[in-house]
Amino acid sequence: MIDEIKIKSTQKEEYIDITSRIASAMQRQKRVNGLLHLFVPHTTAAITINENADPDVMRDIGKGLAEIVPTSGFRHSEGNSPAHIKSSLIGASLTVNIENKELCLGTWQGVYFCEFDGPRERKVWITFHA
Amino acid sequence: MIDEIKIKSTQKEEYIDITSRIASAMQRQKRVNGLLHLFVPHTTAAITINENADPDVMRDIGKGLAEIVPTSGFRHSEGNSPAHIKSSLIGASLTVNIENKELCLGTWQGVYFCEFDGPRERKVWITFHA
Amino acid sequence: MIDEIKIKSTQKEEYIDITSRIASAMQRQKRVNGLLHLFVPHTTAAITINENADPDVMRDIGKGLAEIVPTSGFRHSEGNSPAHIKSSLIGASLTVNIENKELCLGTWQGVYFCEFDGPRERKVWITFHA
């Protein structure tokens, strides 16, 4: 593992832009080209790439997911089944190409940690592969 | 390919924990660190990471997906379009970091093969990359 | 990067089979085995693997997604929030194993570029890793 990002979410549901923290972790590495693997070791959180220009986009994604995922009729006693469903829909891992130590992202893209059952202390594991 | 896991699903929809089978495949390898790639070569199945402590979580995910995905109004004559939709929502591939031959998963995480159109004989392809 | 596929979508929503274009890019490489990384540098598009035998399958997936994702109640002024939601649900990246320069896909699988806010000029970035 090249780095572990620690995230302290403050709300029940929250989309946190971690692009610059990932870029910094990358800058500290010796290798310049490869595949960056981002992994969320939690089952009620996820990671996604989407627009980081207008903050309303991630807000709308949260609102959309809230309408898409049912909120009742579940058995799991912790009561956070909607968060588990969102985690599997969005996904716990991402891969991004690295060239010259830079994340190869599109103009409007950022990497977001998705908290679906906060507030909690969370982690994102970063590994780098040839 | 380092291994192919064969899965015999027994129900129309089923979430099968394959974590220990993947870990065993990894143990048989010589290389100790890298990126594990898991791939489902089917279009009505998927692979996801979620909680493997309380079995109600995967049951609730199945119930949630059943409510999310429409069940009628489709053209595909095989009648399994909802299964194709679930496959693209959850995804056919996953990557997990490997350190010292161990899958780097969070405390509550397991890897699940998702059958959306069973019962069938299925496969998961495992490859290992530097 | 080993290649960049340029795609000109012609409709608001469109699912374009890019399997043969990816296979061609792979054929032009020297390396024969590895992990292919496909990345969509856009926030209102995605990439998925699903059936490419019956075109009704991708049509039904589009119809299903249209029913799943809400179409109103958003703040983002461009009016394309449903497209951003679909992008995060389906995902902007994919990994596929390569053996002997061939994409390791199942019998019925193809790789689809998913346009959710066209018509536009789009790209898919292809990288190859050990």
Side-chain angles (χ1 to χ4, degrees), chain A residues 1-4 7 31 33-48 64-98 116-117 120-130, chain B residues 15 17 19 31 33-39 46-70 85-100 102-114 116 127-130:
Chain A
M1 198 185 320
I2 65 169
D3 216 334
E4 177 182 271
I7 296 161
R31 288 182 291 174
N33 297 309
L35 189 68
L36 196 71
H37 180 242
L38 305 169
F39 189 82
V40 171
H42 309 288
T43 57
T44 54
I47 190 163
T48 195
L65 285 176
E67 290 187 44
I68 289 166
V69 176
T71 54
S72 62
F74 298 118
R75 273 199 213 153
H76 179 50
S77 59
E78 286 187 64
N80 57 1
S81 289
H84 286 287
I85 296 169
K86 289 172 188 173
S87 175
S88 276
L89 284 175
I90 302 299
S93 75
L94 262 193
T95 43
V96 178
N97 186 46
I98 300 289
F116 296 128
D117 193 36
R120 288 184 195 237
E121 300 201 0
R122 303 292 206 172
K123 293 168 190 169
V124 173
W125 291 341
I126 306 180
T127 54
F128 189 53
H129 304 272
Chain B
Y15 299 88
D17 187 344
T19 317
R31 288 182 291 175
N33 298 307
L35 188 67
L36 196 71
H37 180 243
L38 305 169
F39 189 82
I47 190 163
T48 194
I49 290 174
N50 219 298
E51 182 179 324
N52 66 355
D54 176 4
D56 275 343
V57 169
M58 289 312 300
R59 181 211 156 266
D60 286 354
I61 289 175
K63 188 176 186 299
L65 285 177
E67 289 186 45
I68 289 166
V69 176
I85 295 170
K86 289 172 188 173
S87 176
S88 277
L89 284 174
I90 301 298
S93 75
L94 263 192
T95 42
V96 178
N97 187 45
I98 299 289
E99 279 186 16
N100 297 321
E102 301 284 341
L103 280 82
C104 296
L105 293 175
T107 312
W108 309 106
Q109 288 181 319
V111 181
Y112 282 86
F113 175 83
C114 308
F116 296 128
T127 55
F128 189 54
H129 304 271

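Below, chains carry the letters A, B, ... as their sequence lines are ordered, and counting in each starts from 1. Remember, it's a predicted structure, so these values are computed and weren't measured experimentally.
Between A/Phe39 and B/Ile49 the shortest heavy-atom distance is CE1-CD1, 3.6 Å. Residues B/Ala130 and A/His129 come closest through the heavy atom pair O-ND1, 3.6 Å.
Contact annotation for A/Leu35: only side-chain heavy atoms (C-beta onward) come within less than 4.5 Å of a heavy atom of chain B. In this structure, chain B has a heavy atom under 4.5 Å from the side chain of A/His37, while its backbone stays farther away. When heavy atoms are compared at a cutoff of 4.5 Å, B/Asn50 approaches chain A by way of both its backbone and its side chain. Proximity to chain B (any heavy atom under 4.5 Å) is restricted, for A/Ser93, to the side chain, taken from C-beta onward. Both the backbone and the side chain of A/Phe74 come within less than 4.5 Å of a heavy atom in chain B.
Every residue two or more places apart in sequence or in another chain was checked for a side-chain hydrogen bond (donor to acceptor under 3.5 Å, both in side chains) with A/Thr43, and none qualifies.
Rounding to the nearest 0.5 Å gives a distance of 12.0 Å between CD1 of A/Ile85 and CG of B/Leu89. One finds the NE2 atom of A/His84 at 12.0 Å from the OG1 atom of B/Thr48 (value rounded to the nearest 0.5 Å). Note: A/Arg75 CZ to B/Arg59 CZ = 3.5 Å, rounded to the nearest 0.5 Å.
Ranked by heavy-atom pairs under 4.5 Å with chain B, the first of A/Ser77, A/Gly73, A/Pro41 is A/Pro41.
With hydrogens and angles disregarded, no donor-acceptor distance shorter than 3.5 Å links the side chain of B/Asp60 to the backbone of A/Ser81. Formation of a donor-acceptor pair under 3.5 Å by the B/Glu51 side chain with backbone atoms of A/Thr44 is not found in this model.
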